[in-house]
Amino acid sequence: MNKQWVIGILLVVLAGAVMFMMQKQSSEPIVYDDEQKGLNKQIVIYFSHVVAENTPKGLAAQKFAQLVEEKTNGRVKVEVFSNGSLYSDEEEIDALLRGDVQMIAPSVSKVTQLIPEWQVLDLPFIFENYSDVEKVFTGEVGKKLLAMLEEKGIKGLALWGNGFKQMTSNRHLLVEPSDFSGLKIRVMPSEVIEKQFQLLGATPVVVPFNRVYESLEKHKFDGQENTISNIYSKGFYQFQSYLTISNHGYLGYAVMVNKAFWYRLPKDIQEKIMEAIQETTIWNLKQSKLQNEEELAQMKQNKRMHIYELTKKERETWKQKFAPLYKEFEREFGSELLRQMKEAE
Ligand code: LMR
């Protein structure tokens, strides 16, 4: 056999071997490793918020992240950034609109700058109790309010709760409207809240949440309003030893995602996220009440705190004082939203 024949035979054998291997491979199913979550390209949602982890919003964000991961078998990962570590409350709505984060949950007061009608939720004494809050937040009025976000480039997913707001001061207990006279009070950015304090003869000053601790420590303010959970978890009580249980307002949150991001998500993923948000909302509205109650009990143990609960009569006096706010709201936005709120409760 000459050399050319040998090379020819070798080439034919080699080609046969390659074809055999290829056929074998194609007849075998490809085995995917279920643990390898990146196989189907994971969707990551950055969820930024400004409060501590162990608060109604912080805990709800973590629960939501866990539920989404479970329900989508790891296709969607929600990364939660607490304590304003990514954006402060002054920055987070813009960051969402730019698409720098996909999800935030600012207090409803901060949404009033975008949609003034949302001030309805900031009206003092609009909610009598937690059950009223739940009915409005999870019912038709809640849906209507969330739908208003669409034209601003935001998809509103749900309304979560923190709890009822109380009054604190470093001066004295705030019981009669006249006790507020001349005080400088830190507030969230919401016109109706500012007017509430003006009606009491105080001077409201808007300060972002991440600067409240420092400004209270430096005695830049005589008081502020917030939930027990925020007062406790952020340590505001250390500089505000007078606490009035007034339950005069409610601190709720608008859970929202960037609209363009939302509508790019596959339908099945949107459905799973909605399931997760609904479960979290029901849990959050119950858990937030318990947490505020437990932390109030803790604060009552603190000998340096002076805690006073308004009587029914005193609450009535406050309500009368705040009546002009309702008239003003009606003048500006009509009575429909207010009527629907009252009907839902
Ligand atoms: C505040 O600014 O006091 C609150 O809105 C903070 C929060 O998100 O609970």
Side-chain angles (χ1 to χ4, degrees), residues 47-62 64 80-96 101 103-115 118-119 121-122 124 127 133 137 156-169 184-194 196-197 204-217 220-240 243 246-256 280-281 284-285 287-289 291-292 295:
F47 184 170
S48 167
H49 70 79
V50 299
V51 291
E53 277 166 18
N54 189 22
T55 56
K57 177 161 62 179
L59 293 172
Q62 287 167 49
F64 168 73
V80 181
F81 297 87
S82 59
N83 284 310
S85 57
L86 271 192
Y87 295 103
S88 74
D89 44 3
E90 275 179 315
E91 304 160 334
E92 62 185 0
I93 294 183
D94 284 340
L96 183 84
V101 281
M103 191 163 176
I104 58 172
S107 64
V108 299
S109 314
K110 289 157 198 168
V111 180
T112 62
Q113 294 174 304
L114 212 57
I115 305 173
W118 274 55
Q119 289 180 67
L121 299 173
D122 268 346
F127 300 112
V133 174
F137 277 22
L157 297 184
L159 291 165
W160 286 353
N162 179 321
F164 279 91
K165 288 183 288 184
Q166 322 298 349
M167 297 288 191
T168 70
S169 174
K184 213 165 144 192
I185 306 278
R186 177 269 165 170
V187 291
M188 292 186 274
S190 165
E191 253 179 65
V192 73
I193 296 182
E194 287 186 49
Q196 166 192 286
F197 284 105
V205 183
V206 174
V207 177
F209 190 61
N210 62 338
R211 295 219 300 272
V212 178
Y213 182 91
E214 186 201 340
S215 35
L216 294 177
E217 187 182 25
K220 288 190 181 159
F221 299 99
D222 307 304
Q224 59 103 41
E225 54 162 29
N226 226 312
T227 60
I228 293 294
S229 160
N230 279 345
I231 295 166
Y232 184 74
S233 63
K234 285 288 176 192
F236 298 161
Y237 65 91
Q238 297 169 72
F239 320 111
Q240 301 269 292
L243 167 65
S246 49
N247 293 317
H248 64 280
Y250 189 81
L251 175 56
Y253 300 120
V255 189
M256 38 169 88
T280 310
T281 303
N284 155 262
L285 291 171
Q287 163 69 21
S288 52
K289 176 175 182 287
Q291 194 164 1
N292 277 283
E295 288 170 359

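Note that ligands are numbered from 1 as they come in the structure, with each ligand's atoms numbered from 1 the same way. Just the heavy atoms: all of them, side chains too, but no hydrogens, waters or symmetry mates, feed the values below.
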Requested in this report: Could you label the plane-to-plane angle of the Y237 and Y232 rings as parallel, tilted or perpendicular, counting under 30° as parallel and over 60° as perpendicular?
Outcome: parallel

Report task. Nearest 0.5 Å please: distance from the CZ atom of F209 over to the CZ atom of R186. Result -> 7.0 Å

Query raised in the report: Taking everything shown except E53 itself, do over 12 heavy atoms lie less than 6.0 Å from its CD?
Result: no

Query - atom 9 (O) of ligand 1: the protein heavy-atom neighbour that sits closest, reported with distance to 0.1 Å - result: Y253 OH, 2.5 Å

Report task. Work out whether the distance between some heavy atom of Q224 and some atom of ligand 1 is less than 4.0 Å. Result -> no

Query raised in the report: Any chance the side chains of S88 and N210 put a donor and an acceptor closer than 3.5 Å?
Result: no

**Report entry** For V50, atoms of ligand 1 separated by under 4.0 Å from a heavy atom
**Finding:** 8 (O)

Report task. Mind checking the CG-CD spacing from N54 to E295? Nearest 0.5 Å is all I need. Result -> 6.5 Å

Query - Close-contact set for ligand 1 against S107 heavy atoms, below 4.0 Å - result: 5 (O)

Report task. May I ask you to list the atoms of ligand 1 that are less than 4.0 angstrom from any heavy atom of N226? Result -> 3 (O)

Report summary line: Of all protein heavy atoms, the one nearest atom 1 (C) of ligand 1 is F209 CD1, 3.3 Å

Query raised in the report: Given the side-chain rings of F239 and Y213, with only the six-membered ring counted for Trp, is the space between their centroids under 6.0 Å?
Result: yes

Query - atom 8 (O) of ligand 1 - nearest protein heavy atom and its distance - result: K57 NZ, 2.8 Å

Query raised in the report: Just heavy atoms, cut-off under 4.0 Å: does L251 contact ligand 1 by side chain, backbone, both, or neither?
Result: side chain

Report summary line: Looking only at protein heavy atoms, what sits closest to atom 5 (O) of ligand 1 is K110 NZ, 2.9 Å

Query raised in the report: Does R211 offer a backbone N or O that forms a donor-acceptor pair with the side chain of S215 under 3.5 Å?
Result: yes

Query raised in the report: For ligand 1, which atoms have a heavy atom of R186 less than 4.0 angstrom away?
Result: 1 (C), 2 (O), 3 (O)

Report task. Answer with yes or no whether E92 contacts ligand 1, where contact means a heavy atom under 4.0 Å from a ligand atom. Result -> no

Query raised in the report: Can Q166 and N247 be counted as having a side-chain donor-acceptor contact under 3.5 angstrom?
Result: yes

